There are 2 protein chains.
Amino acid sequence: MSVSEQSFEAEATPSPPAVTFEGRGTYDERLNQILAAATATFARLGYEKASMREVAKAAGVSLAGLYHYFDGKEKILFLIQFRAFGSLQNNLREKLHGIDDPELQLRAMIRAHLTYFAANMEALKVCSHELDSLTGSAYSETRQIRHAYYEITRGIIERLIHTHNTNGNIDLHVATMALFGTLNWLYRWYDPQRGPAVTTVANQIADQCLHGLIGTTKTGDQ
Amino acid sequence: MSVSEQSFEAEATPSPPAVTFEGRGTYDERLNQILAAATATFARLGYEKASMREVAKAAGVSLAGLYHYFDGKEKILFLIQFRAFGSLQNNLREKLHGIDDPELQLRAMIRAHLTYFAANMEALKVCSHELDSLTGSAYSETRQIRHAYYEITRGIIERLIHTHNTNGNIDLHVATMALFGTLNWLYRWYDPQRGPAVTTVANQIADQCLHGLIGTTKTGDQ
DNA sequence: TATACTAGAACGAACGTTCGTTCGACAATA
DNA sequence: TATTGTCGAACGAACGTTCGTTCTAGTATA
């Protein structure tokens with residue numbers, strides 16, 4: 001029992017034979033409900049300050065019931081990050097499929113990231129803010145997924161720069177992390193419900209990233 | 001006693017008459033030592049996870065001794081942020097003095113921010129990561145300083161864009177927060193001791209911010 | 001002696017986690 | 001059709017620990 005070795009991709013868990021308490025849903029459905037409540041609580045209070053009692057209350061389950069679904073507090077955070085980073089990466093690979101131009105790839109990457117962010121704000125807030133809260137193998141595992149995501153993005157930027165080889169003084173790591181900084185900082189200020197539309201923000205960030213605040217490819221000023 | 005109403009700028013505290021335990025230094029010197037140890041502990045463990053006992057141990061002081069210098073845990077965090085944001089802002093105003101060109105102003109802002117960051121990494125890590133950890137008036141007060149810093153930067157970007165009015169579709173808030181994202185994310189990855197020099201990184205980020213990754217003002221490609 | 005400061009013990013509260021138990025649904029037996 | 005046994009789901013209560021904070025007593029300086 002418990003969710004210890006569960007893959008984030010598989011929707012079915014082997015052990016419980018899909019027995020249905022009417023009104024409660026299946027085991028997996030209930031687990032996902034609790035996970036969503038935990039995500040909201042972690043996003044609101046921060047991982048350390050959020051207590052298991054608070055998570056249980058938000059999920060509408062007893063404290064002991066919470067431990068029936070999860071091995072412990074850290075496992076919950078791990079599952080949130082593992083799923084989010086995994087989905088983020090799968091979504092990106094899908095959106096990049098069939099695009100060859102590095103510029104269009106970068107635009108697609110930024111659009112995909114922001115769209116996913118807007119649809120899963122609480123999860124991405126937890127992911128961005130609690131990057132160092134996991135320990136041991138849980139940390140290594142999520143770090144590995146993040147690194148793959150980083151490599152994809154860095155590859156795009158590398159090809160982009162080599163295509164327009166106007167300047168050889170660009171450090172790829174700095175350039176990549178500058179972009180990730182802009183994207184990961186979004187959870188601090190951007191509210192898709194109040195601010196400009198997601199696609200608008202994505203386009204502006206992509207424009208800024210490609211051409212800067214004053215550099216325009218339309219008309220050279222010298 | 002205690003540091004409750006202390007201004008972050010004033011170096012002298014009125015109440016304790018600068019009595020010197022040989023080897024200990026004055027009251028203010030000792031307070032600054034403890035504050036530095038607290039900053040390092042908060043940066044290493046995070047504010048919530050760092051305990052007062054851990055801070056006391058790092059500062060080489062007893063738990064009761066710690067409470068002799070500070071009213072409580074939150075006061076310590078407040079003082080760290082208040083001083084850092086204040087210094088950051090004073091430093092920026094100083095560096096902007098006498099510069100009129102918005103482009104040079106933006107370059108100076110980025111260079112000033114990164115230089116201060118490299119010289120005070122632990123404090124800026126705490127400031128970037130624990131933006132929402134303060135409550136009540138302590139939160140309002142630090143938020144006010146941060147807002148002033150934001151306004152200065154936004155003003156620079158506004159004048160920059162109006163000078164090169166090539167594109168009217170730029171949301172100033174988005175543009176400003178994109179830059180702050182890049183800068184505030186630095187504490188997650190940049191190590192001034194291992195990576196490129198601070199000035200190198202500052203120049204590249206400024207170049208990217210102004211001209212983007214491929215957009216160059218030298219030659220328009222259409 | 002008066003003051004500045006420290007040390008250790010202790011406080012109540014909250015923490016993550018575990019325990020023993022009960023409940024309800026299902027399968028096999030009689 | 002009754003009865004019995006099994007299993008997951010969920011519970012209230014409590015575990016031992018650590019938290020931020022306070023208190024009391026003591027030491028060294030001026």
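Quick caveat: nothing in here was measured; it's all calculated off a predicted structure. Within every chain, numbering begins at 1; the chains are lettered A, B, ... in the order of the sequence lines, protein sequences first and strands thereafter.
Checked by atom type and distance alone, the side chain of Q81(B) pairs as donor or acceptor with a backbone atom of E130(B) at under 3.5 Å.
Looking only at atom types and distance, the side chain of E29(A) has no donor-acceptor partner in the side chain of Q33(A) under 3.5 Å away.
Comparing K73(B) and A64(B), the nucleotide of DNA chain D nearest to each residue sits closer to the 5' end for K73(B).
In this structure, L66(A) places its CG atom 10 Å from P of dC11(D), rounding to the nearest Å. One can place CZ of F70(B) at 13 Å from P of dT21(D), the figure rounded to the nearest angstrom. Distance, I34(A) CD1 to dA9(D) C1': 10 Å, rounded to whole Å. Counting to the nearest Å, the P atom of dC15(C) and the CG atom of L45(A) are 10 Å from each other. Atom pair E48(A):CD and dA14(C):C1' shows a separation of 14 Å (rounding to whole Å applied). At whole-Å resolution of the value, OH in Y69(A) and P in dT17(C) are 18 Å apart. Between K49(B) atom NZ and dC15(C) atom C1' there is a gap of 13 Å when expressed in whole angstrom units. The distance from atom CD1 of I76(A) to atom P of dG16(C) is 10 Å, rounded to the nearest whole Å.
OP1 and OP2 of dA10(D) both lie 4.0 Å or more from every side-chain N or O belonging to H68(A). When the side-chain nitrogen and oxygen atoms of Y67(B) are compared with OP1 and OP2 of dC5(C), none of them lie within a distance under 4.0 Å. For S62(B), a side-chain nitrogen or oxygen approaches OP1 or OP2 of dA7(C) to under 4.0 Å.
Side-chain contact between N32(B) and R83(B): present, with at least one pair of heavy atoms (C-beta onward) separated by less than 4.5 Å. Taking the side chain as every heavy atom from C-beta outward, L79(A) and L31(A) approach each other to under 4.5 Å.
Of all heavy-atom pairs spanning C127(B) and F85(B), the tightest one is CB-CZ, 3.7 Å.
Within a heavy-atom distance below 4.0 Å of DNA chain C, the residues of residues 51-59 of chain A found are S51(A), M52(A), R53(A).
Listed by first and then second residue, the side chain to side chain donor-acceptor pair (under 3.5 Å) pairs that reach into residues 106-117 of chain A are R107(A)-D207(A), H113(A)-Y149(A), sequence neighbours excluded.
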Name each donor-acceptor pair under 3.5 Å that joins a side chain in residues 39-49 of chain B to protein atoms two or more places apart or in another chain, with its distance.
unit_1: T39(B); atom_1: OG1; unit_2: L35(B); atom_2: O; d: 2.7
unit_1: T41(B); atom_1: OG1; unit_2: A37(B); atom_2: O; d: 2.8
unit_1: Y47(B); atom_1: OH; unit_2: E74(B); atom_2: N; d: 3.4

